[in-house]
Every structure is written in structure tokens, then in C-alpha cells.
Amino acid sequence: MERCVVYGSQRGHELQKLFESGSISKEEFNQMQLADRKFNAAQILNSCGEGRDYGLGLLGKEISLLDKHPCGGWLLYKRNNRRAAYKRKTWKRRYFVASDRMFYCYVNQPHQGHSTLRRAMPLEGAKIVPVLTGKYPHMFEVHNQSWEFRVRADSKEDLDRWINLLRDEAESKGLFSNHPLPPVLAEDGIETDVNGEAKESVNKSGILSHLTTEQRARYVFFKGERDFVRGLCDTAEKLRFRERDDRKSLAPLFIRELTIPPSAYIPMCNSTDVWRRVSHSFPEETKVFNTKERCPLFMYFAVKGGENANVNMDVAGYLQRIYEKNRSIDLRDSSLEALTEESDGRSDDIESVWTDTNERDGDLEVVAGKGNIRLKRFMKDMNLRALPKSIARRLPSKRNSARTLLPLQSVRILDTKSIDEEFDAVSVAEAHEPIDEACLNRVKAFVCGGEMWVEKRDRLLKEEECMANAKDRGVVEILPIIAKSNDDVRQEVFVMQMIHYYQSVFLNAGLPIWLKTYRILSCSKDTGLIEALLDATSIDGLKKSDGYPKTGGLLAYFKLVYGPVGSPLFNAAQYHFMTSLVGYSLVSYLLGLKDRHNGNIMITVQGHLIFIDFGFAMGMAPGHEFSLEQAPFKLTAEYMELMGGEKGECFAEFKRLFVAGFEAARSHSQIAMGLVEIMMYKSNYPCFSGSRYGYGIALKRFENRLMLSVPDNQVKRKAEKLVLHSVCHTGTLLYDKFQLSTNGILP
């Protein structure tokens, strides 16, 4: 990926412009596009060393990389842990390879027939330490925070060679690995011999000097952005290994040490969002959330936009303007023409992104733009409506199923910026008096720690004005984010996408059902960035705040801050609470969201509920079959009391919206099931893995929750039964008590 970024994207957009202007024909366009791809591939693969035949006709020699460069060899290896108590740990001879900043352990030499890869570890940031004491000679350790190898070399010379090789690989920049450099990259015309050893010393720092100005600029930008995001997540990871009492004091120190590249930006945005460069951080405002297994960080950054005199320039436009302004294509390039001649001439098999506007099939609506036409052609050619056989074999037969086949309907997915406008259009909240400033001043003492987000933002902006230089240009904003480590947030991304889908379904149906979607970015398999929820706190934190009523629960709190029951402000807050409770009750049931304690449920200053932390989804629950959360969704006595009880008008409206929302979700079941089916294919998400949830089991349960086999005239009764079954469920009460006794989370 890094090499592709440095060498640049394919020149398809330049070729596309030439084709659209009529400068080249379609056949010439296809041939040049194919030749350009081969040319880029040849450049990338040449950086890995010559000798391999990659199917591009580079050299055609069957000389492996290991034969050309001494980056592999035999070592003695011993496991750190025993497989069984009665078995002794023995030293085993394994073939190790250091390549692409990875340390591989094979049974035999990879280039001599078939060999099994036993284990591997990343070398980036790893420590290579020789073991000077002990009964075994020539031993050294290779370890990082997650992996460790303890190995022995045959001799002192072999030990020194391995240590130098691994340290070079661990400290490499990642653009080029520790493979032999091709002659064109060697400085001063120095070439390498057949064994991959340089005839004279080669300065590795000269590698980047062979890049063009544009390539170097793009490399510096993408590497800086990657390191910046990694630094955010690594800060949370470093704090995780510190004592809980020390984390709060250490967090500002770690944030101060964070390096912010000149053109870094917070990647919690779309390419069409306004470009905002990260200026600096506010270390003293950093908050730490202490948990047993992780240490999320709440950080604030000052971001600037419009520094180039264009306040509305988006991310894609900025990157194109800065890093592609010098891009051009020379159709007479000899290397491009040579590769064109090497192509097999099967240009008819390559579909161009250009399509005449009159080429439209059936009544498929195509919005103006080449992307949609390209997607239509791809779906038509690949026949994506057919279920892959690998999935079909795992799913139970549906020939005898009584499932209702609902017609496939399109859903207009709403943009996050227009969701509030859409909700206001279908909501009756305008009938209630808006929450005034005096009421918000009472609420912020419980929810925001005495400072609303607007007040905090203005205070930080004043600090920014004092720190800013008089020559600085641009519009300054404050952007809060949460960095998380030791947690796979990829499943949370999937759940949030499904919540966004159902949010669009409900609003398209004209239902005032409130849901909050926020951005989640998975940076690796165990780190991620999360959009901060403003003017909100967990119900557990609310109940632990100073001044919270000791008796009466949420109803007493609403009376305290919004006024007595029946007052306009209380009715408005109660309506917000009810509409959000309907939304999250529906998605909790449909998506099988569990672990719904009060630490994972937030409440805003307006009275809305927001569910967070979707580590348990699609029916996966703590305790699995023995889980206490057996209710369809959480509907406690406290919630019922706030809505006026089972005979109250608010609860009657809750049931009406729940039934209407369930019917709307059921009518769009085919798209929802398709989304789940796509995500479960070869997925390692916990909710789709193992004997309990894998092999299509989670999909089948999702189908059952949609009640597709229930006749339409019985759906309303079944949905109302779900509500009554959830009211004051014993399992919900017991789970809240369990969380109180184990984690101190108030029910």
C-alpha cells in the first residue's frame, strides 16, 4: 500500500480526459490503461529485487529472493509456553526469514518446495536484544508488546548477522524493505552482485532521493498522517500499562510528546468534507476513562481550514491541488509504449469507465456521474445478485420455508448532516416548548460537568487566539476525538452502519424515531478512533454526579432539571426520551445488542438516550447461553415510570411507534439481510464466529427476529407482545445488579 501511494495512482483520470475529449480512441484508451498498470506494477516489484517471475515478463528467471540476499537462515527456537504440563520444551530447528518488516518462522526453506509457515511477528518497533547470561550461547530475543521470539544462532558471526539484519528491518522506513536494491536505485552507479551483496557500500538514505518531487511530497504526507494516527492510538495503549492512579497525570505528558505533521488531519470525515489541518492539541483538557482492560482517551485538537484562501475546499480537492498539481502524462513515453507492445491485445475484455449516457438498461435509475455507471456495469458483469456457493452451502435450505417474500425496495440513505432536518420534518416536537437556557444551566451541572460544549469550545478558541501568530490564516475550530486501544472496533463499525441504515428507514417512512449515529474509524485490529459525543454522559455517570436525587430515579431527575410533570419543558424532554428509547429498543432487538448496562447508555442534555459500545451484537451476549439478558430489549421500571406507566399517553405513543418502526424495518428486510450476509462472509467478527454464531447461525437468527414467516396480519400483535415481554423483565434487573456488584455500575 505504501509503495502504491508513493508511485502514485494509475493515470486513468488523465487517459479518461483524453478519451472524453476525443484525442484517443476507445481501443487506444484500453491499451494505454493496461500498459500503465503493468508499468506501475513493474516499478513496484522491481523495488523488491529482480529474479522472480511475477507473470509480467520482467526477467523470467526462477531465482528466489532468498537465493539473492542473506535475509534467511536456520535458528534454534523454543516455545515460551508448554503445550501440556507433562511435556518438556525442546529446542527445534526452524528456518527464519526477515522480510518486509516481518519475522517469519518456517518448517523448511520456503524456496525449496512446500514449506509451512508456523508463526510470524511484525518487526516494526521491535527490540532485538542478545542474551548475554545463561547456559545457552549465541541466544537473542526479538520482542514487542504482543510477540516474543527466543532463538539461538549457530555461531557468534551468525548471531551478529541476525541482530544487524533484524535491527535494520525494525528501523526501516517501510517504503523499501531489506531486499537488494536494483542497480537503478544504487547510488553513484554501484551495482549489486548475484548474492545480493553490494560491491561497494550503499547509503540507504539515498533511496528516497530517487523519487520525484511529487512522489516524495506524497510519501511524506501519507507517512506523516499514518504516524500521527498511530501515535494517537499508541498513547492510549501506553497508558493501559500504567497504574490507574497515574494515568490522569501522565496523559497530558504523552499528548505533549505527540508529533503533529505539518499537513495532518483528523481522518474522521468524508472526502467531501471541508479540509481542516490539525494545528495543535490541548494536553491539559485530555480526559482518561479508566477500565479494567483498556484506557480510552478523550482529546481536543485545534484544526484550521481555509488557509489557502478557499474556506470551503474539501479534503479531496486539497490533496489533489497540493499533491497532484504537477501530474501530467506523456503519451510518447518510451517505457509506456514498450509495455503497450507487450500487452496481449485483449483490450476488448477491459471495460472502460466511459459509458454513453444513452446506454441504460431497463428501469434502473442511474444518477449522472461515471461512478454509478461503472458500478452498474460491474454488477451486471459479475452477476452479484446470485449467492456465492460457498455461502449457500452453509445456509439451511429454504425450499420448505414459509417465509414471506417481501418485495425489494430501495432505501434513500440519509446523509448525517441532513438527519436532524429530516427528523424535525416528521417530529411533533415543535408542539413542545424548546428547552430554554435556564433549564440547560441546571442540566449541565449533571451532564457536562458544569460546562456545555459551546462554552468549552469558546474558551478553547480564546486560548487558541492567544497562542496564534498574527500572520496565521484560516478558520480555527475545536475538534474532540476518542482514541481507543486493545479493542477491535471493526464490529462496532458494522453495527453503526446498520443503525444508520435503520435510521434512514424510519425517517423515510415518516416516523419520528430518533437515533444518533457517530463516526468510528478502525485503525487496526485492536485500535480505533471514535467521534466524541458532546453534551452527554452515561446514566451511570449521571447517577454518580453531585446533586442527583437519592430517590425517585430518572423521573426525579427530570422533575429537578426540566420542571414538574406536565410542564412544557418536562413534556419536551419526555418526548425526546421516548423517541430515542423507541429507536434503540428497535435496533437492540433487531441487531441483538446486549451488554446494555448503564455504563453503555448515555443521556444528553435534551433528554435523548444514546447506546454505545457494541461489542456484543447479533445475539452474542456475556455468558452466551447462560446470559441474564433474555429480554428482547431493555425497558426497566425506571423507564416506564418516566413515561407515565403502562396506562400513560407517552407509553401508548411508544408502543405505536415501536410497531410502526418494526413494520418499516420488516418491509426492508431484504436489504438488511443482504448487508448482514455480506459482512458475515469469511468474517472474524465475534458475532459471526465460532460454533455459536458462525456458519450462518447469526443470519438465521436475524431472519427470525424480523418475523418473515409471520403473516402480515399478525405482525402488530407480535410486536406489541415484544414490548410487554420486555417491561420490567427479571433478567434485565438481575443483569443490572450483576454489573453493580462486579463493576460498580449503578442500575
Side-chain angles (χ1 to χ4, degrees), residues 248 251-252 255-256 266 268-269 273-274 276-289 296-306 311 416-417 419-420 424 429 432-468 472 474-483 514 516 518-519 529-549 557-558 560-563 568-570 572-573 576-577 580 601-610 612:
K248 187 175 181 180
I255 296 299
R256 286 193 187 95
I266 304 297
M268 309 289 291
C269 60
D273 291 344
V274 176
R276 295 183 179 91
R277 179 184 63 84
V278 178
S279 175
H280 63 270
S281 61
F282 297 91
E284 300 301 329
E285 302 294 334
T286 305
K287 295 182 180 179
V288 177
F289 301 97
L297 278 180
F298 198 117
M299 300 169 288
Y300 296 88
F301 291 92
V303 295
K304 292 184 178 181
V311 181
T416 53
K417 298 179 181 179
I419 285 176
D420 293 337
D424 293 340
H432 303 291
E433 183 177 336
I435 298 178
D436 56 17
E437 184 176 355
C439 180
L440 291 178
N441 289 332
R442 295 192 298 268
V443 175
K444 70 180 183 182
F446 299 95
V447 177
C448 311
E451 188 178 35
M452 297 280 289
W453 163 243
V454 176
E455 299 171 345
K456 189 180 190 70
R457 182 193 62 190
D458 294 341
R459 176 173 60 83
L460 295 179
L461 285 176
K462 289 181 180 179
E463 295 181 13
E464 166 65 19
E465 291 177 2
C466 298
M467 298 169 56
D472 288 348
V475 180
V476 182
E477 295 183 17
I478 307 300
L479 185 62
I481 60 169
I482 297 175
W514 192 90
K516 172 65 177 178
Y518 52 91
R519 297 183 187 274
L529 300 178
I530 301 176
E531 179 185 349
L533 297 175
L534 306 175
D535 294 336
T537 186
S538 66
I539 295 183
D540 172 63
L542 174 70
K543 294 186 175 183
K544 292 178 180 178
S545 59
D546 297 334
Y548 186 83
Y557 162 74
F558 269 59
L560 178 64
V561 297
Y562 299 113
L569 292 178
F570 180 90
H576 295 158
F577 177 87
S580 60
I601 301 176
M602 303 190 73
I603 188 168
T604 69
V605 294
Q606 302 287 343
H608 292 113
L609 293 179
I610 303 175
I612 62 172

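None of the values given here were measured: they were computed from a predicted structure.
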Euclidean distance, [Y] [atom2] relative to [X] [atom1], rounded to 0.5 Å:
| X | Y | atom1 | atom2 | value |
| --- | --- | --- | --- | --- |
| Phe289 | Ile482 | CZ | CD1 | 5.5 Å |
| Ile481 | Ile266 | CD1 | CD1 | 4.0 Å |
| Ile530 | Arg519 | CD1 | CZ | 14.0 Å |
| Asp458 | Ile478 | CG | CD1 | 9.5 Å |
| Phe446 | Lys543 | CZ | NZ | 13.5 Å |
| Glu477 | Ser279 | CD | OG | 12.5 Å |

message = Could you walk me through whether Val605 and Val561 satisfy the side chain to side chain contact (heavy atoms under 4.5 Å, CB included) test, starting with their C-alpha distance in whole Å, then the side-chain angles of each, then the deciding distance to 0.1 Å, before giving a yes or no?
response = CA-CA 10 Å; Val605 294; Val561 297; over 6 Å; no

Side chains of [X] and [Y]: closer than 4.5 Å at any heavy-atom pair?
| X | Y | value |
| --- | --- | --- |
| Phe282 | Ile255 | no |
| Lys456 | Glu285 | yes |
| Thr537 | Leu542 | yes |
| Thr604 | Leu533 | no |
| Val288 | Leu297 | yes |
| Lys304 | Glu464 | yes |
| Cys448 | Trp453 | no |

ask   = Is Glu455 paired with Arg459 through a side-chain N to carboxylate O contact shorter than 4.0 Å?
value =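 No salt bridge links Arg459 with Glu455.
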
request  = Using side chain to side chain donor-acceptor pair (under 3.5 Å) as the criterion, list what pairs up with Asn441, not counting sequence neighbours.
outcome  =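 Here the qualifying residues are Lys444.
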
inquiry  = Please check if the number of heavy atoms outside Lys248 that lie under 6.0 Å from its NZ is greater than 12.
reply    =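 Result for NZ/Lys248: open.
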
Closest contact, heavy atoms only, [X] versus [Y]:
| X | Y | value |
| --- | --- | --- |
| Leu560 | Gly547 | CD2-O, 3.9 Å |
| Pro480 | Ala532 | O-CB, 3.8 Å |
| Leu461 | Val476 | CD2-O, 3.7 Å |

ask   = Which class fits the ring pair Phe558 and Phe570: parallel under 30°, tilted 30 to 60°, perpendicular over 60°?
value =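 Answer is perpendicular, since the angle exceeds 60°.
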
Parallel, tilted or perpendicular: ring planes of Trp514 versus His608, cut at 30 and 60 degrees =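 Answer is parallel, since the angle falls under 30°.
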
inquiry  = Please check this pair: side chain of Ser545 against backbone of Tyr548, looking for a donor-acceptor N/O pair closer than 3.5 Å.
reply    =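 Answer holds: no.
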
request  = Go through Tyr557 and Val443 one step at a time and tell me if the side chain to side chain contact (heavy atoms under 4.5 Å, CB included) criterion holds.
outcome  = CA-CA 9 Å; Tyr557 162 74; Val443 175; 3.7 Å; yes

